[in-house]
Amino acid sequence: MKQPLDLARTGSSPEALRQGFLDNLFYVQARFREVATPNDLYMALAYTVRDRLLARWLASGQTYLHKQSRTVAYLSAEYLPGPHLANNLLALGLTEAAREALAGLGLELEALLEIEEEPGLGNGGLGRLAACFLDSLSTLEVPTLAYGIRYEVGIFDQEIRDGRQVEVTDAWLRNGNPWEIRRPEVAYEVGFGGRVESYRDGAGRERRRWLPERAVRGVAYDTAIPGHGVGNASLLRLFAAEAAKGFDLGAFNKGDFYGAVEEQARSGTLTKVLYPNDATETGRALRLEQQHFFVSCALRDLLRIFHQRIDDVARFGDKFAVQLNDTHPALAVPELMRILVDEREVGWDEAWTVVCRTFGYTNHTLLPEALERWPVDLLGRLLPRHLEIVYEINRRFLEEVRAAFPGDEARVARMSLIDEGSERSVRMAHLATVAAHTVNGVARLHGELLRRQTLADFAALWPERFTAVTNGVTPRRFLALANPRLASLIDEAIGPDWRRDLDRLAQLEPLAADAPFRQAWRRAKLDAKAALALQLERRGLPPLDVGALLDVQVKRIHEYKRQQLAALHALWLWQRLR
C-alpha cells in the first residue's frame, strides 16, 4: 500500500524510502522502471535522500531565524565536498535502510553510488579543507552560510591512455545536479570597469561613486550540508554568472543573431571554469573577476538577510562572522567598505570598525613569493573604486605603523599593502591581515611560522590577532565511508561516538595487546586491499599482491601538485629495489 506523502518524503524505513524512490522516479524523472537509465535511478535515489535532508535544513533555518543567532559566513573560492549521496546517507543514518529498500526492487546501492559525478568545485587541499569545515560546523550545529562559485567545468578529468595522463573536460553538471536548488529570486548585479566620479550629497559633503562599464548577474544555487547524527544542516550557496540584460531582442530583430547572445556568452564565461589559466593577461583578469563576483554577491546576500531583522548596519559584525578562506575572498574588504561608505553613506571610521569586527582570515601559504598579489594596473582597470579604497586603507594603516615604529621605513615598506617593485601590486595577504580581527594558520606549527616569519611584522604590531586552528579531515568521509570494514570494527570495540569525537580513538590503545582484536584489524585491512585488487582487475590492470604494504595516491597528476613528486619518488624506490 502506498505510504502517506509525509512518510514518502521524510520517512526513514525501507518501505518509506522505496516508495519515495518510486515517486521520484515517476514524478521527477518522468520514467518508469522498465525504461529508466542508470542515471535516472541514481537521480531518483538522490531526490529521495534530498527530501529527508531538506526537512532538516528548513527546520535549522527556522530555528536560526527565530533565535537571531550569530552566523558564520564562510567565503571560499573552492569547495571539494566529494560525492554527496553516500555522505548524506551516512549523516542521516539511512545507509542500511536505503540498501534494503533498493534490494526490494532488485537494485544495488553500491551500483548507484558509482554513478554520481564528483562536484568540480575545488582543486585540492584548500577546497577539501573548506568542505571539512562545513561538515564540522553542521555537526557542531553552528549556524553557517557558506559562499562560493558554481563552476560549470571543474579543473579536469583524468584519463590514462598508453600509460599517460590525458586531461579532458570535467563537465560535472552535464547530467544534472539533484542536490542543488536554483534561487532565481536571489540574484545580484556585480559591476566591472568604468570610472569613479566625485559629487556632493544633500548635506554638501564630497563623496565618491563608482560607475561600472558593465555588469553581470549572479544567481544563487543552494545545497544543504548535513551534520552527522544531528538534526542540523548548513547552507552552501554558490553563485553562477548570467547576463544582466539577457537576450538582446533589438539586435536579433536587426539580423545580428550573434550580437543578440554575445552578452549572455561573455557573462556566462565568468563562472564557466574552475581556475582559468593565469599565464595570460585575460586569464589573470578572469580570475580576478571571479573573486570579486562571488564576494560581492555574498556580501549583498548577507546584507539582505541582515536587514530582514535589523536596520542598524553598524551591527552587521554582531550578526555575521565572515571567515576569509585564504586571500581569494580578500576583495570582500574593499567591497564591504565601498557598500558602507559609498552606498550607505556611513563614515569611514565607523565603516572600518564594522569591517574589522566582521572579518577573520585563514592563511594557507607560508612562502612569501607564493602569496597572492594583483597588479595595480589590472585592479585599477577592473575595480577602480576598490583600488582607491585600498590606497586609503593603506595610507591610514601606514600612519599606525609609523606611530608604533618611528623611523623604521624599511618596516613600513615591508608592511605596506602595495608592493612597489617592478610591477606595482596589491598584497592581498596584507590586506586581509589588516582588516581581520583574527588571523589563523591551519595547524599549530603553521600558525607559529606565520607569526614568526611570513607575517612577523604584523604579529609584532598586533600579537593578539594571531592564532592557529588545526584543520583536520572529517572522520566521516575518510574512515566511515572510505573504509567501512575498519569503521565497523572500531564501532564494535569502542562504540560509534568517535565519529563525532576523534579523541575517543585513544580508547583503542589498550586493544593493541589484544590478539583477537589485532587479528580482526589485520583482517579488515586485508579485506580493503582485496576490494582494491578487485577494482584494479575490473579495469584490466595487473594483479595486486594483497599481502604487500601499499601506499596509494588517488589524485589527478597536476603540474604544481606534490602528487607528481610522489610518483617520481615511487619510481626512484622501484629503481633502487631493482
Side-chain angles (χ1 to χ4, degrees), residues 75 147 186-219 239 241-245 263 266-267 270 285 288-307 310-317 320 322 329-359 374-397 417-418 424 426 428 431 434-435:
L75 271 57
Y147 291 95
V186 181
Y188 306 97
E189 283 201 10
V190 180
F192 297 99
R195 59 188 176 86
V196 182
E197 69 175 15
S198 297
Y199 72 100
R200 294 195 177 274
D201 63 16
R205 296 167 298 193
E206 185 173 347
R207 310 197 73 89
R208 303 281 284 169
R209 67 179 158 217
W210 179 28
L211 303 173
E213 175 188 18
R214 59 188 175 87
V216 299
R217 187 168 177 264
V219 179
F239 286 95
E242 299 179 356
K245 295 182 180 179
E263 186 58 32
R266 182 183 181 185
S267 299
L270 200 151
L288 181 61
E289 288 179 357
Q290 286 182 338
Q291 293 181 3
H292 170 63
F293 167 79
F294 100 84
V295 300
S296 179
C297 289
L299 289 174
R300 292 193 175 280
D301 196 50
L302 291 172
L303 284 163
R304 175 187 63 83
I305 295 168
F306 175 79
H307 286 306
I310 306 172
D311 293 326
D312 184 5
V313 76
R315 295 174 55 196
F316 182 74
F320 291 110
V322 180
L331 285 170
V333 173
E335 173 68 350
L336 183 55
M337 284 296 291
R338 186 191 68 80
I339 292 171
L340 295 176
V341 173
D342 293 358
E343 297 183 3
R344 305 298 179 89
E345 298 189 353
V346 177
W348 181 281
D349 291 337
E350 184 183 357
W352 187 246
T353 298
V354 172
V355 165
C356 294
R357 168 74 173 140
T358 298
F359 290 112
W374 288 107
V376 164
D377 290 344
L378 176 61
L379 191 60
R381 188 167 69 251
L382 289 178
L383 303 168
R385 178 56 179 148
H386 297 73
L387 182 60
E388 287 185 352
I389 290 170
V390 168
Y391 278 143
E392 181 60 16
I393 292 171
N394 194 44
R395 184 187 70 79
R396 293 169 179 247
F397 165 62
L417 306 189
I418 309 299
R424 297 182 71 240
V426 179
M428 302 307 285
L431 174 62
V434 167

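Annotation for G194 and P384: closest pair O-CG, 3.9 Å, computed over non-hydrogen atoms. Taking each heavy atom of V190 and C297 in turn, the nearest pair found is CG2-SG, 3.7 Å. The nearest pair of heavy atoms linking E206 to S198 is OE2-OG, 3.6 Å. Shown here for A351 and V341, the closest heavy-atom pair between the two residues is CB-CG2, 3.8 Å. Of all heavy-atom pairs spanning E189 and A215, the tightest one is OE1-CB, 3.9 Å. Contact record, G204 with R200: O-NH1, 2.8 Å, taken as the closest heavy-atom pair.
The number of heavy-atom neighbours closer than 6.0 Å to CZ of R195, taken from other residues, nucleotides and ligands shown, is 12 or below. More than 12 heavy atoms of other shown residues, nucleotides or ligands fall within 6.0 angstrom of atom CZ in R304.
Expressed to the nearest 0.5 Å, how far CG of L302 lies from CG of L75 amounts to 7.0 Å. The distance from atom CH2 of W352 to atom CZ of R357, rounded to the nearest 0.5 Å, is 15.5 Å. Separating the CG atom in L417 from the CE atom in M428 is a distance of 9.5 Å, to the nearest 0.5 Å. Here the CZ-CG distance, from R207 to D201, works out to 5.0 Å after rounding to the nearest 0.5 Å. W348 CH2 to T353 OG1: the interatomic distance, rounded to the nearest 0.5 Å, is 12.0 Å. Rounded to the nearest 0.5 Å, atoms CD (E289) and CZ (R214) are 4.5 Å apart.
A donor-acceptor contact shorter than 3.5 Å links the side chain of Q290 to the backbone of L270.
Side-chain atoms of V295 and F239, non-hydrogen and from C-beta on, never get closer than 4.5 Å to each other. Taking the side chain as every heavy atom from C-beta outward, V313 and V354 never approach each other to under 4.5 Å. Counting heavy atoms from C-beta on, the side chains of L383 and H292 come closer than 4.5 Å. Between L379 and L331, some side-chain heavy-atom pair lies under the 4.5 Å cut-off. A 4.5 Å side-chain heavy-atom check between V434 and V333 finds every atom pair outside the cut-off. Side-chain contact between I389 and E335: absent, with no pair of heavy atoms (C-beta onward) separated by less than 4.5 Å. Considering only heavy atoms from C-beta on, L387 stays 4.5 Å or farther from W374 through its side chain.
The side-chain contact (heavy atoms from CB on, under 4.5 Å) test with V426 is passed by exactly one of L378, N394, V390: V390.
The ring pair (Phe, Tyr, Trp, His ring centres under 6.0 Å) test applied to F316 returns F306, F320, not counting sequence neighbours. In this view, P212 and W210 satisfy the side chain to side chain contact (heavy atoms under 4.5 Å, CB included) rule, not counting sequence neighbours.
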Exercise. Could you check I418 against Y391 for side-chain contact (heavy atoms from CB on, under 4.5 Å), going step by step and ending with a plain yes or no?
Key: CA-CA 8 Å; I418 309 299; Y391 278 143; 3.8 Å; yes
Practice problem: Could you check I339 against R300 for side-chain contact (heavy atoms from CB on, under 4.5 Å), going step by step and ending with a plain yes or no? | Solution: CA-CA 9 Å; I339 292 171; R300 292 193 175 280; 4.2 Å; yes
Practice problem: Go through E392 and M337 one step at a time and tell me if the side-chain contact (heavy atoms from CB on, under 4.5 Å) criterion holds. | Solution: CA-CA 11 Å; E392 181 60 16; M337 284 296 291; over 6 Å; no
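With respect to R396 and D349, a salt bridge is recorded, a charged nitrogen being found less than 4.0 Å from a carboxylate O. Between D342 and R338 there is no salt bridge, since none of the side-chain N atoms of the basic residue sits less than 4.0 Å from a carboxylate O of the acidic one.
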